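Owing to the predicted nature of the structure, the values given are computational and were not obtained by experimental measurement.
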Amino acid sequence: MAGADFGGLVVIMLVVLRMSAEAARDAFLKICANVYKKEIQGDEERTRVLRKCIEDLLKEQDQPLDLSLLIDDPKVTCLGFIVASPTADARTMHKFLTYYSTSIPPEQLTVIEVALATCAAQGYFLPASIGPLRRQYSSAGLGSGNPTRELLSEALSQFGKDQYVSAIVSFGSGHPGVLPFPSSFSSSSPFLSKAILSSHSQNQPNHLRFYQEMLEDCEQTSQEISRQTSNLVGIYFRFSVEQGFQGRKKDFELQDEFGTIASLVDAYASMHETERRLDHCVTQVCSREGVTTLERLNHVGGNHEFERELPSITSPFIMRHQPWAKMVNELDSIPEGQRSTRVIVITGMPGAGKTWLATRFAQEYYNFFSHVCFIDGQSEATIKADTMHHARSKGGMVYSQATFKDALGFFRGDRSGNCLLFYDNVDKEDLDLIKLLLLGRQGLIIVTSRDHLKGELASESHLHIELDVMTEDEAIETIIQTSRLPNSAENRVAARAVAQELGCLPIALTQAGVSMFRYGYTVERYLTLYRTHWDRISGEDKAYSAFDISGQRLPRHFLDFLHLMTFMHHSNFPMEAISLAAEWGFEVELFQLAPREAIYEESIDLLKSIFCRNGQWDERSQSQMIMAIRNCSLGTFTPLPNSESLFFHMHPLIHEWAMDRIPIHKRSLFKEAATRLVACAIKNLPVRIRLLSHIDSLLWHSAIAPMHVNDRAAFGKMLRKAGRLEDAQGVWMEVRDELESRYDILQISFATVYLEMALTLKESQQRRIWEEDAVELYESVYGETHMKTLHAKRSLAETCLSVGDYKAAARLLRCLLKELEEQDAEFYLEACRVMRIAASVSFRQKEYSGAQSFGEQALQGLSSILPAHDREVLTASAELARTYSHLKLHADAERL
């Protein structure tokens, strides 16, 4: 728990003094009434009254006046901190902890000292001088009034990264513009609220403008956090009065002001949206069911794909002296503090070493930049995904749920610092890269591309580096190093012959040298093998011939693995997905919307022939495959962060070669097998997150072979769970269209599709339409009393409730209850769930007696079937307690 200003005083009451919510509320109102009396003149007198109020509070709680803020009792698990700002710098936040922390030294401060510090609002109270050094503090200033981010950071340090979070609840003091101060306002005005905003700000005293800015900062912080947690449904709840007395010119008496505050709060609390969020908040808090971990909230704010690191360079790096010198000179020529971004574009044929050169430069000058970001430039989708991820992981909580527009703002603003942004493989001719580039205020951008025209993006003409084949000396050096041949005159002459034969293409030279080393070929033997494979003349095909020589040494099933991987993204395939899919026999289907064809069984047989040679998957066989592929340099394997598992990567040219070497008549089979592999592994959450780019690749490869509707449905669901609602909706639309073209619209599969499509929508009215279609289909196929029909109706009733159509919800629920009365005991649980929703509808319609009756029946039934700690039981308890409170049955409410 954290608090600023008088919110800090509330934290002291609840955490240190361990007062009940009701007692804290009453004490808070009493203090406000005493401190803001109209007759109090000046900040010195008001500070004296505040101290007296806090002393009286401690006496009422039987606590000494020198009570320490630090709690020594290890049994106390409710932790909190109070924030204030040093008077010398109002933008700095200082945290006063009620607990011992490993990151912040303990301060021996009293409750009175900290309370005076956090409440010391500029213009109303004197700054508080506290601690042995008597440092001066005032209430939290700009950037400090809403400590939600700091709360999450402290929770992470205290409870660990894996601790799940049920809810983040934030209470504000009103939006700017709620209660404008009259022109006659002076520092002796009786009312202090953060809700201070005059439409005539130029006439405001300095401290009023200060609070106006602080309020706007608090609400901006709240809006940022709300947006950044938007894909984590039901975790962030913000409550703050939104409308007030704009334009009111008359000054208030004290009793008028508190009455006005109460009226405003009552009006705000009775709004439908506020009631809905309050109910949801109470339900979520009571459920104690975690939505996400502290680590994700503090760094990426949700379930996002892993960090993209710089490409790994496993082969010896041969310096390309001329292009390297251009890049280094550009870096050295940037004046210190210059506010501009320079763009270097490296173009050249496939395998020319563009990525190697850029990666080595990024590694060499890593510490020169505040951030180094690798961005996959294959498509607009990959660029946006990586850009958002880097902003989310490097921008902290502020950008933890950043959209692409937010990410552009991060990198183009001051917070990103001096960045190196590396866009690799920007090869698509129709890709409008200029609108996607993060042209910030300071930094360097490197773009690699096969497309010579992309050189127009360079800041200046000399920054377009056209990377051709190697010089003969560079080529000879590459062969000598990769083949491990002695650097003798004789070997250099032989290496020159190989270099000339391979056209000095870097990736082909590397492949040749590795083959000579791994398989003991002499230069003459290698040249003979090469010439038997090469029957074409382009540089790309020369490389393919070099790959062929390495590939022919691999066992058939190892080569089939490479063919399989060509349907995935060329980098970051998690190898642990293989063992997970093998556990299920490669036969998992999340949806069975349509029957399978013969290729389904054939693809399973292919996967088993690759990964289950002895009838089942075993780690030893996979290790042998990894070693063989590494040895022939046709792929690299890097460890996952904090894991023993590996990522698999292929050079884009090798990726294309492996696809080219699949016989055309077998490509659809390998595509089906790749789809099977991913579809079976997505049942595992951590692996599912790492497979998103590969799901995209498989969907993109549908031109080679159409993806079965069952698999598309599974991938659509995964995209929805990853928060990519528009992409998921597009996939589900395709599923629906295909089913409509193949089957009768009354097929029950359509009901499943409509319900899934509804979940991809944020707009409730369209969701309602699709749920109505699902209900109609279930009724036509299963009948009105089938469990699936009843469940779909209950979901529809909840949607009607959420959009405020209480009459439609009530009508549905009456029909449901009537139908359930006639069913067997096995339907009792469903009946209890329906009654719980009926209680909510009655409550919304202010029919509290009906809400009580339905709520009591629902809670009794759910409690008899489910464990006491089950979420549904706790939700029903919370909702019934709310009803009891409205009926003034406070003892019953407190019991629940």
Chemist: Are more than 12 heavy atoms from other residues, nucleotides or ligands located less than 6.0 Å from atom CD of Glu726?
Modeler: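 No, CD of Glu726 has 12 or fewer neighbouring heavy atoms, counting only those of other groups under 6.0 Å.
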Chemist: Regarding Arg720 and Thr760, do their side chains bring together a donor and an acceptor under 3.5 Å, going by distance alone?
Modeler: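 Short answer, no.
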Chemist: Does anything in residues 856-865 form a side-chain hydrogen bond (donor to acceptor under 3.5 Å, both in side chains)? List the pairs, not counting sequence neighbours.
Modeler: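 Matches after skipping sequence neighbours: Gln852-Glu856, Ser853-Gln857, Glu856-Tyr884.
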Chemist: Provide the closest heavy-atom pair for Gly716 versus Trp732 in the form atom of the first, atom of the second, distance.
Modeler: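 Where Gly716 meets Trp732 most closely, the heavy atoms are C-NE1, 3.6 Å.
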Chemist: Could you tell me whether the side chain of Arg676 and the main chain of Phe586 form a donor-acceptor pair under 3.5 Å?
Modeler: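 Such a contact is found between Arg676 side chain and Phe586 backbone.
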Chemist: Taking side chain as C-beta onward, heavy atoms only, is Ser840 less than 4.5 Å from Asp279?
Modeler: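 In short, these two side chains do not touch, never coming nearer than 4.5 Å.
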Chemist: Tell me, do Arg768 and Asp805 make a side-chain contact under 4.5 Å, heavy atoms counted?
Modeler: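 Contact flag for Arg768/Asp805 side chains = yes.
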Chemist: Take Leu699 and Asp727, measure what side-chain contact (heavy atoms from CB on, under 4.5 Å) needs, and give me the verdict at the end.
Modeler: CA-CA 11 Å; Leu699 290 168; Asp727 293 336; over 6 Å; no
Chemist: Report the distance from atom CZ of Phe843 to atom CZ of Arg882, rounding to the nearest 0.5 Å.
Modeler: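 One gets 4.0 Å once the value is rounded to the nearest 0.5 Å.
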Chemist: How many angstroms lie between CE in Met718 and CG in Leu691, if you round to the nearest 0.5 Å?
Modeler: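 Nearest 0.5 Å value for the CE-CG distance: 10.5 Å.
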Chemist: Given the rule in the side-chain contact (heavy atoms from CB on, under 4.5 Å) test, do Val678 and Ile695 qualify, once you have shown the distances and angles that lead to the verdict?
Modeler: CA-CA 7 Å; Val678 172; Ile695 288 174; 3.8 Å; yes
Chemist: Can you name the closest pair of heavy atoms from Lys793 and Glu784 and give their distance?
Modeler: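 In this case the closest contact between Lys793 and Glu784 is NZ-O, 4.1 Å.
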Chemist: Can you find a pair of side-chain heavy atoms, one from His791 and one from Arg833, that are under 4.5 Å apart?
Modeler: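 Side chain of His791 against side chain of Arg833, heavy atoms only: no contact under 4.5 Å found.
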Chemist: Measure the shortest side-chain to side-chain distance between Leu801 and Tyr806 over non-hydrogen atoms and say whether it is less than 4.5 angstrom.
Modeler: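 Leu801 vs Tyr806: side chains touch.
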Chemist: Is the closest side-chain heavy-atom distance between Leu866 and Leu829 below 4.5 Å?
Modeler: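 With C-beta onward as the side chain, the pair touches.
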Chemist: Which residues satisfy the side-chain contact (heavy atoms from CB on, under 4.5 Å) test with Tyr782, sequence neighbours excluded?
Modeler: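 By the side-chain contact (heavy atoms from CB on, under 4.5 Å) rule, Tyr782 matches Ile748, Tyr778, His786, Lys788, Thr789.
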Chemist: Would you compute the distance between atom CD1 of Ile865 and atom SG of Cys832 and round it to the nearest 0.5 angstrom?
Modeler: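 Ile865 CD1 to Cys832 SG: 4.5 Å, rounded to 0.5 Å.
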Chemist: Is it true that a side-chain atom of Thr883 and a backbone atom of Tyr848 form a donor plus acceptor pair closer than 3.5 Å?
Modeler: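 Absent.
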Chemist: For Leu436 and Glu380, work out which heavy atoms get closest and say how close.
Modeler: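 Scanning both residues completely, I find the closest heavy atoms to be CD1-CG, 3.9 Å.
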Chemist: Is there side-chain contact between Gln729 and Met733, with heavy atoms separated by less than 4.5 Å?
Modeler: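 Gln729 reaches Met733 side chain to side chain.
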Chemist: Looking only at heavy atoms, what is the nearest atom pair of Ser842 and Phe854, with distance?
Modeler: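 Where Ser842 meets Phe854 most closely, the heavy atoms are OG-CD1, 3.8 Å.
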Chemist: What's the spacing between Met388 CE and Leu408 CG if we round to 0.5 Å?
Modeler: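 It comes to 10.0 Å.
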Chemist: If you compare all heavy atoms of Ala868 against all heavy atoms of Val873, which two are closest, and at what distance to 0.1 Å?
Modeler: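 Shortest heavy-atom separation between Ala868 and Val873 comes out as O-CG1, 3.7 Å.
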Chemist: So, Thr799 versus Glu771: side-chain donor-acceptor pair below 3.5 Å or not?
Modeler: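 Present: a donor and an acceptor within the cut-off.
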Chemist: Does Arg690 form a side-chain contact (heavy atoms from CB on, under 4.5 Å) with Asn572? I'd like the steps, not just the answer.
Modeler: CA-CA 8 Å; Arg690 299 182 180 115; Asn572 293 317; over 6 Å; no
Chemist: Could you check whether any side-chain N or O of Arg767 sits under 3.5 Å from a backbone N or O of Ala758, counting only pairs where one atom can act as donor and the other as acceptor?
Modeler: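 No, the answer is negative, given that no donor and acceptor are paired below the 3.5 Å cut-off.
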Chemist: Nearest heavy-atom pair of Ala774 and Ala751: which atoms, and what distance?
Modeler: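 Result for this residue pair: CB-O, 3.7 Å.
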Chemist: With side chains defined as the heavy atoms from C-beta onward, is the minimum distance between Leu677 and Phe573 less than 4.5 Å?
Modeler: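 The answer is yes; the side chains approach within 4.5 Å.
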Chemist: Checking Arg596 against Glu587 for the salt bridge (Lys or Arg N to Asp or Glu O under 4.0 Å) test, could you report, in this order, the C-alpha distance in whole Å, the side-chain angles of both residues, the deciding distance, and whether it holds?
Modeler: CA-CA 12 Å; Arg596 291 283 188 173; Glu587 296 181 358; over 6 Å; no
Chemist: Report yes or no: does His569 contribute a side-chain atom to a donor-acceptor pair with the main-chain N or O of His694 at less than 3.5 Å?
Modeler: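 Such a contact is absent between His569 side chain and His694 backbone.
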Chemist: As a quick check of understanding, evaluate side-chain contact (heavy atoms from CB on, under 4.5 Å) for Ile837 and Arg794, giving each step before the final call.
Modeler: CA-CA 8 Å; Ile837 301 170; Arg794 175 164 58 84; 3.3 Å; yes
Chemist: Just verifying a value: how many Å separate Leu859 CG and Leu880 CG, rounded to the nearest 0.5 Å?
Modeler: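 One finds 6.0 Å between CG of Leu859 and CG of Leu880.
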Chemist: Quick check: do Asp696 and Leu719 have side-chain heavy atoms less than 4.5 Å from each other?
Modeler: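 Yes. Closest side-chain heavy atoms under 4.5 Å.
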Chemist: Nearest 0.5 Å, please: how far is OG in Ser379 from NZ in Lys384?
Modeler: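 Going from the NZ atom of Lys384 to the OG atom of Ser379 covers 10.0 Å.
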Chemist: Has the side chain of His708 got a donor or acceptor atom that lies under 3.5 Å from a matching backbone atom of Pro595?
Modeler: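 Yes, because the side chain of His708 sits within donor-acceptor range (under 3.5 Å) of the backbone of Pro595.
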Chemist: Between Asn710 and Leu593, is there a donor-acceptor pair closer than 3.5 Å when you use the side chain of the first and the backbone of the second?
Modeler: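 It does hold such a pair.
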